[in-house]
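Letters A, B, ... mirror the listed sequences (proteins, then strands); counts begin at 1. None of the values given here were measured: they were computed from a predicted structure.
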2 protein chains.
Amino acid sequence: MTRNGVKLAYISNDAAKNVTYKKRKKGLVKKMSELSTLCGIEACAIIYPSTCDSHPKVWPSAVTAHRMLSHFKMLSVVERSNRTMAQERLVRQRIAHADEKVKKLCENNHRKEITQVNLDRVPNSHIPPWLETESN
Amino acid sequence: MTRNGVKLAYISNDAAKNVTYKKRKKGLVKKMSELSTLCGIEACAIIYPSTCDSHPKVWPSAVTAHRMLSHFKMLSVVERSNRTMAQERLVRQRIAHADEKVKKLCENNHRKEITQVNLDRVPNSHIPPWLETESN
DNA sequence: GCTCCTATGCTTAGGGC
DNA sequence: GGCCCTAAGCATAGGAG
């Protein structure tokens, strides 16, 4: 019996693997259909045994899977473009912010320059004449 | 607590439905990843809540789903053509069998015709002359 | 909405045939 | 390979905060 917790590792023994595969695939499909029923959702699953001897299991049907795939692809295109647009907006915002910063910095610099010029000039012009000779 | 077996019916209460949806989706994804690990398979699932407020859940990833979908589509084209070819073979076989039957029937008929002609002729020619007048 | 809890039922590994 | 059984472990409904 299943005395210890399942070891979540690849089953190398083919027979055992196949048994587990069948049992768990069945359980999985049951769970999917239950979720589908309980919550009124559309769902599909594609399961490819790596050993290609067995066909891929498609639930609930190939037709549904195809339909959902198309829908999903369309949706992802839309989402991708949305994401792209969102990113573009983000970048534009950043650029705008950066521009704003640059502008402010320029203004600041300009103000400082002017101030500095004044400072450079004013102090000199404000040095009392009696000190001018002393400093030299 | 879950005293009685789950009633497998659509949950109309939105809050309860959402709770169930989240719990069971989580469980489902866990089961899928376990199956994937244990049996070394590729699998993907797409789950669309019918209430479009929530994004579709794609497991394990959109990229994987896309890849598997392409593969699946290709495969189904191949399988479809295989099926078509198999059907064509089958139809051809049936035609061949039918032809064979027709041929045999024709041969039989021909043989019967000949035999009949002989029967038609022979008995007449074998009717004793003393009876020929009686039958009329 | 959420996290955490826990009783209960479901799933399933292992084994027999 | 299949089917059936059982014990153990797991998932989860319902509730509390």
Side-chain angles (χ1 to χ4, degrees), chain A residues 1-62 64-65 68 75 79 82-83 86, chain B residues 1-62 64-65 68 75 79 82-83 86:
Chain A
M1 305 100 192
T2 156
R3 298 202 177 278
N4 30 1
V6 193
K7 311 111 193 140
L8 270 178
Y10 177 70
I11 302 169
S12 44
N13 179 314
D14 273 2
K17 182 166 60 192
N18 203 33
V19 169
T20 293
Y21 174 65
K22 289 202 166 176
K23 285 187 174 182
R24 279 177 171 259
K25 176 160 61 77
K26 183 184 162 192
L28 193 59
V29 164
K30 188 183 176 194
K31 290 277 183 197
M32 284 205 91
S33 69
E34 285 182 358
L35 180 58
S36 206
T37 303
L38 288 166
C39 302
I41 66 169
E42 262 202 306
C44 77
I46 304 179
I47 302 172
Y48 280 94
S50 56
T51 57
C52 282
D53 50 356
S54 170
H55 275 206
K57 170 78 184 175
V58 180
W59 184 91
S61 73
T64 303
M68 288 189 68
L75 201 101
E79 284 198 337
N82 278 351
R83 229 178 293 134
Chain B
M1 308 99 195
T2 157
R3 298 202 177 278
N4 29 2
V6 193
K7 311 111 193 138
L8 269 177
Y10 177 71
I11 303 169
S12 44
N13 178 314
D14 272 2
K17 182 166 60 193
N18 203 32
V19 169
T20 293
Y21 174 65
K22 289 201 167 178
K23 286 187 174 182
R24 280 177 171 259
K25 177 161 60 75
K26 183 184 161 192
L28 193 58
V29 164
K30 188 184 175 194
K31 289 278 182 194
M32 284 205 91
S33 69
E34 285 182 357
L35 180 58
S36 206
T37 302
L38 289 167
C39 302
I41 66 170
E42 263 203 304
C44 77
I46 304 178
I47 302 171
Y48 279 94
S50 56
T51 57
C52 283
D53 50 356
S54 169
H55 275 206
K57 171 77 185 176
V58 180
W59 185 92
S61 74
T64 302
M68 288 191 67
L75 201 100
E79 284 199 336
N82 278 351
R83 228 178 294 134

*Asks:* Specify the separation, in whole Å, of atom NZ of A:Lys31 and atom P of D:dC10.
*Replies:* 14 Å
*Asks:* Of the nucleotides D:dG14, C:dT11, D:dA11, which has the atom closest to the B:Glu34 side chain?
*Replies:* D:dA11
*Asks:* Any donor-acceptor pair under 3.5 Å linking the side-chain atoms of A:Lys57 with those of A:Tyr48?
*Replies:* no
*Asks:* In terms of side-chain heavy atoms, does B:Thr64 have a donor or acceptor partner in B:Ser61 at a distance below 3.5 Å?
*Replies:* yes
*Asks:* Nearest to the B:Lys23 side chain among D:dG14, C:dA13, C:dT11, which nucleotide is it?
*Replies:* D:dG14
*Asks:* Quick one: B:Tyr21 OH to D:dT12 C1', roughly how many Å, whole number?
*Replies:* 17 Å
*Asks:* Whole Å only: how far is the CD1 atom of B:Ile11 from the P atom of D:dT12?
*Replies:* 12 Å
*Asks:* Rounded to whole Å, how long is the line connecting atom NZ of B:Lys26 with atom P of D:dA13?
*Replies:* 12 Å
*Asks:* Output the rounded distance in Å from NZ (B:Lys25) to C1' (D:dT12).
*Replies:* 15 Å
*Asks:* If I compare all heavy atoms of B:Trp59 with all of B:Ser36, which pair ends up nearest, and what's the gap?
*Replies:* CH2-CB, 4.3 Å
*Asks:* Tell me: NZ of A:Lys30 to P of D:dC10, nearest whole Å?
*Replies:* 18 Å
*Asks:* Please tabulate, one pair per line, each protein N/O and nucleotide N/O from nucleotides 1-3 of chain C that are separated by under 3.5 Å, including the distance.
*Replies:*
| residue | atom | partner | partner atom | Å |
| --- | --- | --- | --- | --- |
| C:dG1 | OP1 | B:Asn18 | ND2 | 3.4 |
| C:dC2 | OP1 | B:Lys22 | NZ | 2.5 |

*Asks:* Give the rounded distance in Å between these two atoms: CE of A:Met32 and P of C:dT11.
*Replies:* 15 Å
*Asks:* As an exercise, state the distance from NZ of A:Lys30 to CG of A:Leu35, rounded to the nearest 0.5 Å.
*Replies:* 14.0 Å
*Asks:* What's the verdict on side-chain contact (heavy atoms from CB on, under 4.5 Å) for B:Asp14 and B:Lys17, showing C-alpha distance, side-chain angles and the deciding distance?
*Replies:* CA-CA 5 Å; B:Asp14 272 2; B:Lys17 182 166 60 193; 3.4 Å; yes
*Asks:* Taking all non-hydrogen atoms of both residues into account, name the closest pair between B:Leu8 and A:Glu34 and its distance.
*Replies:* CD2-CG, 3.5 Å
*Asks:* May I have the distance from A:Leu8 (atom CG) to C:dT11 (atom C1'), rounded to whole angstrom?
*Replies:* 14 Å
